[in-house]
Structure formats: C-alpha cells, structure tokens
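Note that this is a predicted model, so its numbers are computed, not measured. Order of listing sets the numbers, starting from 1, for every ligand and every atom in it.
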Amino acid sequence: MSYSTLLFENRDGIALVTINRPDKLNALNAAVINELGALVPQIVDDSGVRAMILTGSGPKAFVAGADIGELSACDPLQAETLSRKGSAVFRSLERCPKPVLAAVNGFALGGGCELAMACHLRIASENAKFGQPEVKLGITPGYGGTVRLARLVGRGRALEVLLSGAMIDAQEALRIGLVNRVVAADRLLTESVELLKAILENGPLAVAGCLLMVEEQADLTQDEALALESRRFGELAGTEDFREGTAAFLAKRKAAFKGR
Ligand code: COA
C-alpha cells in the first residue's frame with residue numbers, strides 16, 4: 001500500500017498506520033480522508049492484517065482536527081458533502097471486523113477526537129489533549145462528535161465538552177471514559193501493541209463477533225439485541241475454534257485457533 005499522507009507498516013499482523021502531516025499537526029484534509037477511506041477496505045481484506053493501530057506523526061498531535069484552511073473555503077453544500085464523506089469513512093473504520101486502536105499521542109481535537117472515538121479502543125499518552133473546539137469556529141462537529149461522544153461518556157459530560165469547546169487532558173479523558181488507558185508517551189506504542197496482541201490470542205471469530213454485536217446493538221431494541229447475541233452464540237458453538245478453545249481449556253493447554 002502506498003499513500004501520500006499515511007505511513008503504513010505491518011508489524012507481525014498489526015497494521016501501524018500513522019497520519020503524516022506533522023507540520024499541520026496531522027489535520028484532516030481531503031487527501032487524508034480519501035486515503036483513510038481507501039485504507040479501511042484494504043485492512044478488512046488483507047488476511048495478513050489482524051488488527052490496526054492508528055496514530056499521528058510527531059510528538060505533538062494525534063490529529064488537530066479537520067483542516068481549517070480547507071474548511072474555511074466551503075460553502076454549505078461543500079461542507080455537508082465534506083461531512084458526509086468523512087463520516088462515512090469513520091463509520092467504515094468503526095465497522096471494521098478487526099480491532100482498531102487509536103494511540104493518541106497528543107492533540108486529538110475536533111475531527112481528531114472524532115477519529116479516535118470511531119476506533120474501538122483508545123490509549124492516550126500522558127500529554128494527550130482532547131476536545132471538540134468546533135463551536136469556537138462557529139460550527140458544530142461534522143464527523144460524528146455529537147453522536148459518539150454522548151454515547152461514550154454520557155449526555156451531560158458530552159455537552160460540557162461540546163458546548164465549551166475546551167480541551168481536557170488525558171487524565172480527565174480517562175475519568176470520563178473517553179479513553180481506555182493513559183500511559184507514558186514513550187510506552188504508547190508498546191502498550192498499544194501489547195493490548196492488541198493479548199486480544200489476538202483469542203478466537204478470531206469470537207473477537208470479530210464481539211465487535212459486530214456491540215456495533216449492531218445500537219440500532220436494535222434490547223430484546224432484539226439479546227436474540228441476536230443468542231443466535232451468534234449458537235453459530236460460534238459450531239466452529240472449530242470453539243471446539244479447540246474448550247478442548248484446550250479442559251486439557252490445560254494453550255488454544256491454537258484457526259479462525260474457522
Ligand atoms: N487545520 C489546519 N491547520 C492546522 C490545524 C487545523 N485543524 N491545527 C493546526 N494547524 C497548523 C497551524 O496552522 C500551524 O501551521 P503553520 O505553521 O503553517 O502556521 C501548525 O499546524 C502548527 O500549529 P500551531 O497552532 O502553531 O501549534 P500550537 O502548538 O501553537 O497550537 C493547537 C496547537 C492544536 C492548540 C492549535 O493548532 C489549534 O487550536 N488548532 C486547531 C484546533 C481545532 O480547532 N480543531 C478543530 C477543527 S474543526
């Protein structure tokens with residue numbers, strides 16, 4: 001894979017994807033959005049990739065938001081088109097059947113906070129800062145901020161972040177549930193890889209099943225979601241991995257999953 005705004009590296013089945021516009025604090029211009037949009041289906045289809053880490057280039061920023069220069073030139077129709085496009089790309093990331101982890105290495109503002117929230121897991125470095133400063137620019141978030149933030153941290157806390165436009169630090173992000181963990185900056189990638197490796201030890205169909213079910217339940221009633229869970233539970237009980245996982249437990253050995 002070759003991109004102009006993304007760096008891609010496959011580290012033993014974990015794709016390390018770095019948004020690479022450090023001079024603009026990795027702001028999301030059209031090129032980054034297009035390339036992320038092209039990347040996701042490749043990650044999904046690539047059997048050599050089992051999980052993905054998304055991070056930002058340089059010591060300062062994960063992503064400092066949508067590119068304000070580009071945004072400032074938009075008329076209403078162009079702005080809506082931009083928002084729809086970015087939202088669709090973020091949604092495809094959220095629906096990826098392989099675990100996607102945001103390693104937030106600095107500012108995650110506006111579209112950067114929204115991008116991190118579209119990932120399944122978030123680990124922040126101690127210097128990370130989060131926020132949805134769009135109101136300071138006289139606009140609302142356009143890549144899912146009003147939707148995902150409220151779902152992640154609750155309506156009251158989300159509204160404080162959205163309405164104030166103020167930044168919160170990594171510890172506050174941890175306290176309100178916006179991130180899973182906070183680690184020292186020099187441990188960020190190591191801990192991200194370790195968490196994903198621990199996940200990848202598990203049955204791959206079961207991991208994909210958890211991702212899918214947590215994702216799908218948002219559109220279902222509780223009873224529908226529970227029925228879906230039972231159906232998937234039954235389906236997975238028919239897999240070789242289930243036979244292997246249970247047999248390995250009973251034989252007190254490590255399971256060797258094959259993903260079927
Ligand atoms: N869009 C476009 N360019 C951006 C950007 C963005 N969202 N965020 C930062 N940049 C650019 C700056 O314009 C600057 O470019 P320049 O060197 O060509 O002037 C460069 O990145 C470095 O940013 P700078 O503001 O000088 O760094 P700082 O450390 O003083 O401040 C921030 C860092 C994150 C506080 C500040 O850049 C900022 O507020 N960015 C915008 C955040 C935002 O509102 N995001 C939501 C957008 S919808």
Checklist entry - Among protein heavy atoms, which lies nearest atom 38 (C) of ligand 1, and at what distance? => result L109 CD1, 4.7 Å
Checklist entry - Distance below 4.0 Å between atom 25 (O) of ligand 1 and any protein heavy atom? => result no
Checklist entry - What is the closest protein heavy atom to atom 18 (O) of ligand 1, and at what distance does it sit? => result K24 NZ, 2.6 Å
Item to check | Shortest heavy-atom approach to atom 47 (C) of ligand 1 - which of G58, G112, A66 | outcome: A66
Item to check | Minimum-distance protein heavy atom relative to atom 45 (N) of ligand 1 | outcome: A64 O, 3.0 Å
Checklist entry - Is there a protein heavy atom less than 4.0 Å away from atom 20 (C) of ligand 1? => result yes
Checklist entry - Does I68 reach ligand 1 with a nitrogen or oxygen that is under 3.5 Å from one of the ligand's nitrogen or oxygen atoms? => result yes
Checklist entry - Got T140 and L162 here, is their nearest side-chain heavy-atom distance under 4.5 Å? => result no
Checklist entry - Can you list the steps and then say if K197 with E201 is a salt bridge (charged side-chain N to carboxylate O under 4.0 Å, His left out)? => result CA-CA 6 Å; K197 277 192 172 158; E201 296 268 297; over 6 Å; no
Item to check | Heavy atom of protein inside 4.0 Å of atom 1 (N) of ligand 1, strictly below | outcome: yes
Item to check | Gap between atom CG of N29 and atom CD1 of I68 - 0.5 Å precision | outcome: 12.5 Å
Item to check | Minimum side-chain heavy-atom gap F62-L115 below 4.5 Å | outcome: yes
Checklist entry - Can you tell if the side chain of H120 reaches within under 4.5 Å of the side chain of L101, non-hydrogen atoms only? => result no
Checklist entry - If you measure from each non-hydrogen atom of K136 to ligand 1, which part falls under 4.0 Å: side chain, backbone, both or neither? => result neither
Item to check | Verify atom 6 (C) of ligand 1: protein non-hydrogen atom under 4.0 angstrom away | outcome: yes
Checklist entry - Does L28 come within less than 4.0 Å of ligand 1, judged by its heavy atoms? => result no
Checklist entry - So which of E114, Q132, M167, K60 gets nearest to atom 29 (O) of ligand 1, if we judge by its closest heavy atom? => result K60
Next on the checklist: Nearest 0.5 angstrom please: I19 CD1 to L54 CG, how far?
Outcome noted: 4.5 Å
Checklist entry - What residue and heavy atom of the protein are closest to atom 14 (C) of ligand 1, and at what distance? => result D23 O, 4.3 Å
Item to check | atom 41 (C) of ligand 1 touched by protein heavy atom at under 4.0 Å | outcome: yes
Checklist entry - With respect to R21, which candidate in T5, N26, D67 satisfies the side chain to side chain donor-acceptor pair (under 3.5 Å) definition? => result D67
Checklist entry - So, the side chain of N20 versus the backbone of S57: is there a donor-acceptor pair under 3.5 Å, distance only? => result no
Checklist entry - Side chain, backbone, both or neither: which part of I139 has a heavy atom under 4.0 Å from ligand 1? => result neither
Checklist entry - For atom 31 (O) of ligand 1, is the nearest protein heavy atom under 4.0 Å away? => result no
